[in-house]
Amino acid sequence: MALEAIQTVTQAEAKAKADRETAAAQAKQRLADAQREARQTAEQARQRAQEQARQLMSQAEEKAAQLTREELERAAADCEALKRNARRRLEEAAQLIVGRVVER
């Protein structure tokens, strides 16, 4: 009976050791899987962030170009108004000069 008990205990210890090794291997594999998934998730998030940054930059550049075009159009209109005003004043100045020369 003692020999059977020793064999039973030895078998139980061997099984427990095998179970511990199996559990350790499974835990190590789960950790590796979790780390791989975390790296993939981080990479996907980084790629999404880069894409969003590209889109935001594109939108900002487009808006800046539009604002530039609008400002250039306003400046061109202001320049035309100044030219018209200057031409009109030029005629008035010429008439004033001619009038003063004739008076003398």
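Reckoned from all heavy atoms, side chains included, excluding hydrogens, waters and symmetry mates.
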Problem - Donor-acceptor pair between Glu43 and Gln47 side chains, under 3.5 angstrom - result: yes
Quick one: pull up [atom1] in [X] and [atom2] in [Y] and give me the separation to the nearest 0.5 Å.
X: Thr41; Y: Arg39; atom1: OG1; atom2: CZ; answer: 10.5 Å
X: Asp78; Y: Glu73; atom1: CG; atom2: CD; answer: 12.0 Å
X: Met57; Y: Gln50; atom1: CE; atom2: CD; answer: 13.0 Å
X: Leu90; Y: Arg87; atom1: CG; atom2: CZ; answer: 9.5 Å
X: Arg46; Y: Gln44; atom1: CZ; atom2: CD; answer: 11.0 Å

Practice task
Sorted by first residue and then second, give each side-chain hydrogen bond (donor to acceptor under 3.5 Å, both in side chains) pair with at least one member in residues 63-72; sequence neighbours left out.
Solution key: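 Sorted pair list: Gln66-Arg69, Gln66-Glu70, Glu71-Arg74.
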Exercise for the section: Only pairs at least two apart or in different chains count here, so list each side-chain hydrogen bond (donor to acceptor under 3.5 Å, both in side chains) that has a residue in residues 20-33. Expected result: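 Matches after skipping sequence neighbours: Gln29-Asp33, Asp33-Arg36.
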Practice task
Kindly check if the number of other-residue, nucleotide or ligand heavy atoms within 6.0 Å of CD (Glu91) is above 12?
Solution key: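 Atom CD in Glu91 is not crowded, with 12 or fewer foreign heavy atoms closer than 6.0 Å.
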Exercise for the section: Would you mind checking if Glu51 and Arg54 are paired as a salt bridge, meaning a charged N to carboxylate O distance below 4.0 Å? Expected result: yes
Handout entry: Thr8 side-chain N/O to Glu4 backbone N/O, donor-acceptor pair under 3.5 Å
Key =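 Checking the backbone N and O of Glu4 against the side chain of Thr8, a donor-acceptor pair under 3.5 Å is found.
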